[in-house]
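Below, read A as the first sequence line, B as the second, and so on, with proteins coming before strands; counting in each chain starts at 1.
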Amino acid sequence: MSDKKRLFLVDAYALIFRGYYAFIKNPRINSKGEDTSAIMGFMNSLLDVIKRERPDHLAVCFDKGGSADRVEIFEAYKANRDETPEGIKTAIPHICNILEAMHIPIMVKEGYEADDVIGTLAKKAEKEGYTTFMVTPDKDFAQLVSENIFMYRPVFGGGYETWGIPEVLKKFEVTDPLQVIDFLGMMGDASDNIPGLPGVGEKTAKKFLAQFGSMEGLLANTDQLKGKMKEKVEANGELGLLSKKLATIMLDVPVEFNAKDFEMSEPDVPKVTEIFQELEFRRLIDNFTKTFAVQQTTPGEVTNKASEVTKTKETPKEVKSAGAGQFSLFGAEPSSAEVSTENTLERKTIENTSHFYQSVAPGIATKLFVKNLMHQTSVCFDTETTGLNPLTAELVGIAFSWEVGKGFYLPFSEKKEEAQELIEQLRPFFESETIEKVGQNLKYDIKVLAKYNIEVKGPLFDTMLAHYLINPDMRHNMDVLAETYLNYTPVSIETLIGKKGKNQLSMRHVSLEKQTEYAVEDADITLQLKKLFQNELGEANTQTLFDDIEIPLLRVLAAMELEGINLDEKFLNSLSEQLNTDISNLEKSIYEAAGEEFNIASPKQLGDILFDKMKLVDKPKKTKTGQYATGEEILSYLAKDHEIIQQILDYRGLSKLKSTYVDALPNQVESSTKRVHTDYMQTVAATGRLSSNNPNLQNIPIRTERGRQVRKAFVPRNEDYILLAADYSQIELRIIAALSKEETMISAFKNGEDIHASTASKVFNVPIAEVTREQRSNAKTVNFGIIYGVSAFGLSNQTNLSRSESKELIDTYYETYPKLRKFMSEQVDFARDNGYVQTVLGRRRYLKDINSRNAVVRGAAERNAVNAPIQGSAADIIKIAMINIYKKLQANNYKTKMLLQVHDELVFDVYKPELDAIKDLVKTEMEHAYKLEVPLDVEIDTGLNWLEAH
DNA sequence: AATTGCGCATA
DNA sequence: GTATGCGCAATTG
C-alpha cells in the first residue's frame with residue numbers, strides 16, 4: 001500500500017481563512033503595515049504538510065479565478081461573514097506568487113468551487129491507482145472519502161488527523177460516506193451557507209438518517225413524524241432538497257488529472273526567499289529552507305519515513321500495537337496525525353469477559369464472607385447508594401474484590417436497623433488499620449460510611465487520585481479509565497437506572513443480579529486499575545505525593561464537606577429584597593432610555609437595542625456567533641458617552657449577584673444539617689489546586705462593596721463559635737522569588753516589605769516612601785502578570801499604560817529581577833526537554849504543545865510552563881498545611897473545625913475557648929508547611945462572619 | 001431536557 | 001496572560 005502514489009490536494013481558501021483567524025487576536029503586521037496573517041498561516045500549513053508527508057504529487061486548489069492578479073472570493077464565503085477581511089483579499093496574490101515560485105501547481109476552474117475541483121480530481125486520481133489526501137478542515141469533504149481518498153484535517157493545537165471511511169462513519173453516525181451529504185443538507189452549515197431544515201440540528205439529523213437513510217427517505221415518510229417537526233419538515237421539503245444539492249460536491253468539473261502536472265519539483269529557492277523577505281517572514285525562510293534542504297540531501301530516508309507514517313495511518317491496528325500500547329500509561333503518543341482506534345479492536349465487556357461475581361446472602365454466608373474478608377491484605381470496595389448526595393444517600397449494597405475477575409456483593413436492606421446491623425458486621429474490616437482499602441473516588445464512600453458511623457481506617461489507594469497524579473490533564477472517571485487502560489467498557493449505570501432527569505430509578509429498584517453485576521464489575525475494574533497505576537506511581541516523586549498529600553487530604557476534605565458551614569438565610573433574604581428594588585429601578589430607567597421593554601440579561605436582545613435601534617456605535621463589534629458583543633470591556637468603554645450603558649452594567653452586576661449568590665445559596669442549604677456542604681474536587685485542576693462546587697464556595701465575591709456583603713451570610717455554627725480566616729500573603733510571589741533565587745525580591749520579603757511598593761520603588765527608581773498609588777498599582781499588576789506570563793499587550797490593557805510604556809516597564813522589571821526572567825526561561829526549556837514541568841513536591845504537568853509549530857498554541861504552553869509550578873506549588877503547600885492542621889485538631893480533640901479552603905485561605909469554625917490556641921496552631925502550621933528560602937506569612941482574622949474575619 | 005456560548009465571580 | 005464553576009438565554013431534544 002505504501003508504494004502507491006500519493007496525491008495531496010490542498011483546499012486553499014479553507015486554509016487561508018483558518019490561518020487568518022488563527023492570528024486574529026494578534027495579527028501579523030509587517031513594517032509596511034500589511035496584514036500578513038493569512039499568508040503566514042497558509043504557508044505554515046502548507047510547509048507543515050510537505051514536511052510531514054513528503055507528497056510526491058501536490059496541488060493547491062482555489063475557487064474560480066486563482067491567478068495572481070484577478071481573484072474573486074466565492075460567494076459562499078461572503079454570505080455568512082460580513083465581508084471578506086481585507087487581510088485575506090490582499091493575501092491571495094502573494095500566495096499565488098509564492099506557489100508559482102515553489103513550482104506548486106495551482107488548480108482553478110472558472111465557475112467551480114475548490115470543493116468540486118478537488119472532488120473531481122480525487123475521483124479521477126483514484127481510478128489511476130492514486131491515494132488522495134484532501135487537505136482541508138472542512139467537514140463537507142467527508143462525503144468524498146473512500147478506500148483511497150482521505151481527509152487530511154488540521155486540528156486545533158497543531159497536527160493533523162486523517163479521516164478514512166471508519167472515521168467518517170463513526171463521526172457522522174452513518175453507514176456510507178455519501179450520507180454525509182444528507183446529514184449536512186438536513187442540519188445545514190452556516191459557514192457554507194447551506195440553510196438546512198429549520199429546527200433540525202446535529203442530533204435530529206443523525207436520528208433522521210438512522211431512521212430514513214436519506215433526505216429523500218425522510219421527505220417520503222413524513223407521515224411517521226409528529227407535531228411541530230412534521231409540519232416543519234413537510235413545509236420545507238424543497239428547501240431540504242436544495243440544501244442537499246448545495247452540500248453535494250460536484251464530480252464532473254472539466255479538469256483532467258495528468259499525473260505529471262502534479263509532480264512535486266524543486267522550488268525556485270531564491271525567488272521564494274525573496275518574496276518571504278519582502279513580506280518580512282524571517283522564521284518562515286528558515287522553515288522553508290530546512291523543509292526543502294532535507295528533501296534534497298536525503299531523499300531515501302525521507303521517503304521511507306513518509307511511507308511509514310502513511311502506513312500507520314491507513315492501518316489503524318498497527319497504531320494500537322506499536323504506538324500508545326493499551327497498557328502503557330503514556331505511550332510516546334504521536335499526538336498529531338493520530339487516527340482514532342475505536343472500532344478496530346473489539347472492546348471487552350462483561351458479556352465477553354470471564355468473571356465470577358456473586359451476591360452474598362444474609363446470615364451464615366455473610367459471616368463466612370466477613371471472615372474471609374478479614375484475611376485479605378488489600379481489598380477493593382465500592383458502595384452503591386440511592387443517590388449522589390452522600391448526606392442523604394442510603395446504602396443499597398457494597399461490592400468487594402481482591403482478585404481480578406472475581407468479587408462479591410452485599411445487598412443492604414431498606415430497613416435502617418437491618419442495614420446498620422450488616423454494616424456493623426463489616427466494621428472490623430473498614431476500621432482495620434492493616435487491610436488496605438482500594439477504591440475509585442474513596443472520598444464519596446468514606447462520606448457515605450461516615451453517615452453509618454463507620455470510619456474507614458488503614459491504608460487507602462484511590463485510583464482516581466492515582467491517575468490524577470499520573471496524568472492530570474485527562475479525565476479520571478472510571479469508565480474512561482477502564483476504556484483507556486483496560487480496553488474494557490463497563491456496564492453503564494444508565495442501562496440500569498435510566499437516563500438521568502425525568503424518571504431515573506434508584507439503585508434500590510434494580511434487580512439483585514443486575515446490582516451485583518454492576519457493582520462487582522466496578523470493584524473488579526478498580527482493582528485492575530490499581531494494579532496498573534501502582535507501578536506507574538513508583539516513578540519520580542509521584543508516590544510520595546500520593547501517599548503523603550493526596551491520600552491523607554482525601555480524609556481531610558471528606559471531614560470538611562461533611563461538616564458544612566452555617567448560612568444566615570435571613571440575612572440573604574433581606575439582601576435579596578434590597579437588590580430587587582435597586583434592580584427594578586435600574587430596569588425602569590433603562591427601558592425609558594431604550595424606548596421599549598426587553599430582556600436586559602439577554603446579550604442578543606441587548607445588542608440589538610444598543611446597536612441596531614439606538615445606534616450608539618458606528619461599527620459595533622461582533623462575537624464569533626454573529627451577535628453584537630456586549631461584554632464588560634466593550635460596555636465599559638462606552639459608559640462615559642451614554643448614561644444607559646452604566647445603568648446596564650450596574651443592572652448586570654446586581655442581577656448576577658442576586659441570581660448567582662444571594663438567591664442561589666439558600667437553595668443549597670442541606671435540609672438534614674441546615675448547613676451548606678460544598679464538594680471539593682480533588683482531581684480536576686491540572687495544576688493541583690482544588691475546585692469547589694455545589695455550591696462553589698471559592699468564588700464568593702469580595703472585590704466590590706455590594707458583592708462583599710454576601711460574605712456576611714457565612715456565620716459560625718452558634719454563639720460559642722467564631723469564624724477565623726487565615727490567608728497566605730503573596731504566596732505565589734514568594735514561591736517564584738524562592739524558586740528563582742532572586743535575592744532582591746527574597747530580601748524584600750525577608751524584611752517584611754510591602755512587595756508591590758518595593759517593586760515600584762525599584763522599577764520606577766524612587767525611594768519606597770515616595771511610591772505613588774499609581775506606581776504601586778502598576779507594579780502590582782506586573783507582579784501578578786509575571787505569574788501568568790505577561791505580555792506588553794496584556795499589561796497595557798490592565799493599566800493606564802500604553803503598549804510601549806508597558807513594554808518598558810516589563811523590561812525594567814526584568815532588569816530589576818534578572819533571575820526571575822532566567823527562572824522563567826528555564827522552566828520553558830525544562831518543559832521542552834522533558835515534556836512536563838513540576839512543583840516543589842514533584843507534581844507534574846505535561847505540556848504536549850510546548851514544541852508546537854503553532855505560535856499561539858506554543859505560547860500558551862510556555863505560559864503554562866511558568867504558571868503551573870507556581871500555582872501548583874502553592875497548592876501543594878496549602879494541602880500540607882491542611883493535613884497537618886487536621887491531624888492536630890484531631891489529636892487535641894479540639895471542637896474547632898476546618899470548613900473551607902479558597903486556594904490560599906483556610907476558614908475555621910473556632911470554639912471560642914480554643915481561639916488563642918487555634919490562632920497559634922493555624923499560623924504555625926501554615927507558615928511552616930514547607931520550607932522555602934522565603935518566609936511564608938499568614939494573616940489571621942476572626943469575626944462574626946466571613947467578611948469580618950477578613 | 002440537555003447542550004452551548006456568554007458573561008462573570010474567585011485565587 | 002494562569003486556574004476554576006455557575007447562571008442565564010438560546011438552541012435543539
Side-chain angles (χ1 to χ4, degrees), chain A residues 25-26 187 196-207 227-229 232 472 499-503 599-607 623-635 649 652-653 655-661 663-665 667-668 678-681 684-704 707-708 710-711 727-728 730-732 781-782 784-798 806 810 845 856 859-872 874-875 878 900-905:
Chain A
K25 270 197 141 175
N26 191 10
M187 182 177 102
L197 292 168
V200 176
E202 184 186 331
K203 304 273 174 181
T204 319
K206 282 181 178 169
K207 203 181 77 193
K228 267 254 181 300
M229 188 53 87
K232 276 197 207 164
K499 295 234 184 211
K500 64 176 165 185
K502 43 181 184 182
N503 300 321
N599 185 348
I600 309 170
S602 158
K604 182 178 149 72
Q605 293 182 36
L606 178 65
T623 65
K624 60 184 166 186
T625 46
Q627 306 293 326
Y628 292 116
T630 62
E632 218 268 332
E633 207 175 310
I634 289 171
L635 294 191
L649 286 171
R652 264 202 195 154
S655 11
K656 167 84 181 173
L657 194 61
K658 182 164 141 57
S659 64
T660 310
Y661 302 103
D663 291 348
L665 281 172
N667 293 326
Q668 302 272 0
T678 186
D679 195 2
Y680 286 106
M681 305 272 108
V684 299
T687 50
R689 275 189 178 182
L690 298 177
S691 81
S692 151
N693 62 22
N694 294 310
N696 181 355
L697 297 185
Q698 291 181 323
N699 73 344
I700 304 299
I702 193 164
R703 289 187 226 269
T704 66
R708 192 178 298 154
V710 176
R711 295 198 169 218
D727 271 66
Y728 277 112
Q730 313 296 353
I731 187 167
E732 293 187 344
T781 311
V782 189
F784 277 108
I786 287 298
I787 296 166
Y788 305 145
V790 255
S791 69
F793 178 75
L795 185 62
S796 70
N797 271 346
Q798 285 213 355
S806 298
I810 293 172
R845 170 140 191 211
V856 179
E862 288 171 357
R863 289 191 295 276
N864 277 323
V866 176
N867 177 261
I870 308 302
Q871 197 183 109
I878 197 166
L900 305 177
Q901 189 252 43
V902 192
H903 307 310
D904 64 356
E905 171 187 6

Practice prompt. For A:Gln605, answer base if it contacts any base atom (sugar-phosphate contacts may also be present), sugar-phosphate if it contacts only those atoms, and nothing otherwise; contact means non-hydrogen atoms under 4.0 Å.
Written response: sugar-phosphate

Worksheet item: Do A:Ser692 and A:Asn696 have side chains that get closer than 4.5 Å, going by heavy atoms?
Response: yes

Fill in: Base of B:dA11 paired with side chain of A:Arg689 (donor-acceptor, under 3.5 Å)
yes

Worksheet entry | Of the listed nucleotides B:dA11, C:dC8, B:dC8, the one nearest the side chain of A:Lys656 | B:dC8

Worksheet item: Distance check: side-chain N/O of A:Asn693 vs OP1/OP2 of C:dT4, anything under 4.0 Å?
Response: no

Response to the item:
Taken to the nearest whole Å, OH/A:Tyr680 to C1'/C:dA3 is 16 Å

Worksheet entry | Whole-Å gap separating P (C:dG5) and CG (A:Leu697) | 13 Å

Discussion item. I want to verify a distance call: between C:dT2, C:dC6, C:dT4, whose nearest atom is closest to the A:Ser691 side chain?
Written reply: C:dT4

Item to complete: Please examine the side chains of A:Gln698 and A:Leu690, heavy atoms only from C-beta on, and report whether any two atoms are closer than 4.5 Å.
Response: yes

Discussion item. For A:Leu657 versus A:Val710, what's the shortest heavy-atom pair and its separation?
Written reply: CD1-CG2, 4.1 Å

Fill in: Touch class at under 4.0 angstrom, heavy-atom based, for A:Ser655 against every strand present
nothing

Discussion item. Nearest to the A:Ala664 side chain among B:dA11, C:dG7, C:dA3, which nucleotide is it?
Written reply: C:dG7

Discussion item. Over all strands shown, is A:Arg652 touching base, sugar-phosphate only, or nothing at heavy-atom distances under 4.0 angstrom?
Written reply: sugar-phosphate

Response to the item:
Closest of C:dG7, C:dA9, C:dT4 to the A:Ser659 side chain is C:dG7

Worksheet item: Taking the side chain as C-beta and beyond, is there a heavy-atom pair between A:Leu697 and A:Val902 under 4.5 Å?
Response: no

Discussion item. Heavy atoms only, 4.0 Å cut-off, all strands: where does A:Val684 land among base, sugar-phosphate and nothing?
Written reply: sugar-phosphate

Worksheet, complete the sentence: Checking C:dT4, C:dC6, B:dT10 against the side chain of A:Arg711 (C-beta onward), the nearest is B:dT10

Discussion item. Quick check for you: among C:dG1, B:dA9, B:dA11, whose closest atom lies nearest to any side-chain atom of A:Leu795?
Written reply: C:dG1

Practice prompt. Check whether any side-chain heavy atom of A:Leu606 lies under 4.5 Å from a side-chain heavy atom of A:Arg652, and answer yes or no.
Written response: yes

Item to complete: Looking at every strand, decide which applies to A:Ile702 at a 4.0 Å heavy-atom threshold: base, sugar-phosphate, or nothing.
Response: sugar-phosphate

Fill in: Atom pair distance, as rounded to whole Å: CD in A:Gln871 and C1' in C:dA3
4 Å

Worksheet item: Nearest of B:dT10, C:dC6, C:dG7 to any side-chain atom of A:Asn699?
Response: B:dT10

Worksheet, complete the sentence: Here the distance between atom P of C:dC6 and atom CG of A:Asn696, to the nearest Å, is 6 Å

Item to complete: Measure the distance from CD1 on A:Ile600 to C1' on C:dG7 and round it to the nearest whole Å.
Response: 17 Å

Fill in: Atom-to-atom span, OH of A:Tyr661 to P of C:dG5 - whole angstrom
13 Å

Practice prompt. Remember a base hit wins even if backbone is also touched, and classify A:Arg708 as base, sugar-phosphate or nothing at under 4.0 Å, heavy atoms.
Written response: nothing

Worksheet item: CG of A:Leu900 versus C1' of B:dA11: gap in Å, rounded?
Response: 14 Å

Discussion item. Under 4.0 Å, heavy atoms only, any strand: does A:Ala874 hit a base, just the sugar-phosphate, or nothing?
Written reply: nothing

Fill in: A:Lys658 NZ to B:dA9 P, straight-line distance once rounded to whole Å
17 Å

Item to complete: Determine whether A:His903 and A:Ile878 make a side-chain contact, defined as any pair of heavy atoms from C-beta on separated by less than 4.5 Å.
Response: no

